[in-house]
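Notes follow the structure.
Chain letters run A, B, ... following the sequence lines, proteins first and then strands; every chain starts at 1.
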Amino acid sequence: MKPGNFSSSLLRWHDAHGRHDLPWQSNMTAYRIWVSEIMLQQTQVATVIPYYQRFMQQFADIESLAKADIDLVLHLWTGLGYYARARNLHKAANIICHDYAGQFPETLDAVIALPGIGRSTAAAILALSDNQHHAILDGNVKRVLTRFFAIDGWPGKPEVERLLWQHAENLTPIENTAQYTQAIMDLGATVCTRTNAKCHQCPLLQHCRAYANDRVTNYPTSKPKKTIPVKKTIMLLLRNKDNQVLLQQRPPSGIWGGLWSLPEAQCDTTQKALCAWSQNELKLTINDITIAQPLRHTFSHFHLDITPVYASVINESSAIMEQADTVWYNTCKPDARGLAAPVKKLLDTHNDVMTGVIT
DNA sequence: AAGGCGGGGCA
DNA sequence: TGCCCAGCCTT
């Protein structure tokens with residue numbers, strides 16, 4: 001099959017059956033495409049849509065994003081994960097304001113140089129917003145191509161990835177690059193899906209080698225797996241007399257970087273040890289201690305078993321509360337801060353108890 | 001419980 | 001260049 005045949009089949013299919021009404025498909029500026037591509041990097045369309053709407057409503061243009069408080073940016077990202085994406089988005093908006101007079105750069109190299117944007121995302125932004133001739137290679141395209149060409153080997157392996165880029169560039173048409181880019185992403189998202197691929201709806205069916213060999217589900221070759229370790233931690237939900245909960249801001253990089261989290265006690269789960277730890281590390285005297293069932297939060301590289309500990313604080317007006325990275329958080333009237341998913345879950349539960357929704 | 005997802009950072 | 005890291009959702 002010639003490259004031109006591949007793309008024209010795909011374009012015809014997209015005209016008739018593609019998605020044309022996603023929020024970022026109207027008013028396709030580089031900024032709007034950029035934000036959508038970053039959100040879509042690890043997250044499916046259905047999940048992204050409400051986040052995207054809220055984000056664009058708050059930050060209608062690059063300048064308003066650049067000027068925003070990072071806490072507000074992270075707040076609007078809460079629950080999406082990979083919070084470095086939000087920090088990089090904010091950082092890049094500032095670079096664009098200062099180095100490019102607020103205009104999104106128009107060359108591939110300049111776009112790749114922005115933090116949080118790699119080769120595929122840069123290509124997608126310029127192809128979709130400006131119809132520039134660049135190939136993309138995201139997860140959807142990798143799936144379509146490994147199946148179409150029956151390419152063995154995990155796509156994360158450098159040699160496999162090189163081959164995929166070659167195919168991607170070879171197939172991307174010089175004209176209608178924007179529509180083609182949308183089309184191949186749509187095909188991967190709606191027809192050539194990871195499970196239950198709808199091959200009978202596929203415009204490439206007749207030339208698909210995986211289909212011909214009845215091996216569609218064997219592609220892409222899955223990543224070699226390894227067992228991940230379990231780490232344990234104790235999260236303290238310390239409430240003052242107004243039922244506010246103590247939060248601490250995490251360091252700017254690493255897990256949950258820049259997000260607000262609960263104090264993590266480095267001690268045993270005995271009443272005595274917990275009291276002593278709070279006294280020594282937080283200068284807070286606590287009582288009414290309740291140790292709850294652990295909950296498991298899983299990252300790509302380890303499980304985190306969190307033991308929630310609820311307690312009341314007696315000596316609230318301690319000097320340690322004046323620190324900038326510490327705050328009493330009102331779960332009934334939450335303010336704009338980024339929260340890690342399990343922390344948000346614990347705070348929501350705490351709020352439900354306080355307001356009598358559950359007991 | 002396992003798998004998928006794009007890019008950054010460092011040896 | 002090759003590895004490790006990150007966090008959520010879907011299956």
For DNA chain B, what residues of residues 133-156 of chain A have any heavy atom nearer than 4.0 Å?
-> A:Asp138, A:Gly139, A:Arg143
Output field: ring centroids A:Tyr31/A:Phe59 closer than 6.0 Å = no
Using the benzene-type ring in the case of Trp, are the ring centres of A:His167 and A:Phe149 under 6.0 Å apart?
-> yes
Starting at atom [atom1] of [X], determine the distance to atom [atom2] of [N], rounded to an integer number of angstrom.
X        : N     : atom1 : atom2 : result
A:Arg85  : B:dC5 : CZ    : P     : 14 Å
A:Lys344 : C:dG7 : NZ    : C1'   : 16 Å
A:Lys223 : C:dC4 : NZ    : P     : 9 Å
A:Gln41  : B:dG4 : CD    : C1'   : 14 Å
A:Glu159 : C:dT1 : CD    : P     : 14 Å

NZ or CZ of A:Arg54 within 45° of A:Trp77 ring axis and under 6.0 Å = no
Mapping A:Arg296 and A:Ile38 onto DNA chain B by nearest heavy atom, which one lands closer to the 5' end?
-> A:Arg296
Determine the minimum heavy-atom distance between A:Pro105 and A:Ile96, stating which atoms define it.
-> CD-CG1, 4.1 Å
Nearest heavy atoms of A:Leu274 and A:Ile286, plus distance in Å = O-CD1, 4.0 Å
Per the side chain to side chain contact (heavy atoms under 4.5 Å, CB included) rule, which among A:Leu236, A:Leu282, A:Val327 passes with A:Gln248?
-> A:Leu282
Cut-off 3.5 Å, side chains only: do A:Gln132 and A:Thr177 have a donor facing an acceptor?
-> no
Under-3.5 Å N/O pairs linking protein and nucleotides 8-11 of chain B:
unit_1	atom_1	unit_2	atom_2	d
B:dG8	OP1	A:Gly116	N	2.7
B:dG8	OP1	A:Ile117	N	3.3

Under 3.5 Å between N/O atoms: give me all the protein pairs with nucleotides 8-11 of chain C, atom names plus distance.
unit_1	atom_1	unit_2	atom_2	d
C:dC8	OP1	A:Tyr83	OH	3.0
C:dC8	OP1	A:Ala341	N	2.9
C:dC8	OP2	A:His297	NE2	2.5
C:dC8	O3'	A:Gly79	O	3.1

May I have all residue pairs that pass ring pair (Phe, Tyr, Trp, His ring centres under 6.0 Å) and include part of residues 225-274 of chain A, sequence neighbours excluded?
-> A:Trp256-A:His297, A:Trp256-A:Phe299
Quantified in whole Å, what is the C1' atom distance between nucleotide C:dC9 and nucleotide B:dG8?
-> 22 Å
Hey, mind stepping through A:Leu346 and A:Met235 against side-chain contact (heavy atoms from CB on, under 4.5 Å) and telling me if it holds?
-> CA-CA 9 Å; A:Leu346 287 167; A:Met235 287 192 176; 4.1 Å; yes
A:Arg87: side chain to side chain donor-acceptor pair (under 3.5 Å) partners, not counting sequence neighbours = none
Those residues at least two apart in sequence (or on a different chain) that pass side chain to side chain donor-acceptor pair (under 3.5 Å) with A:Lys67 are A:Glu63
Nearest-nucleotide 5' precedence on DNA chain C, A:Pro158 against A:Ile255 = A:Pro158
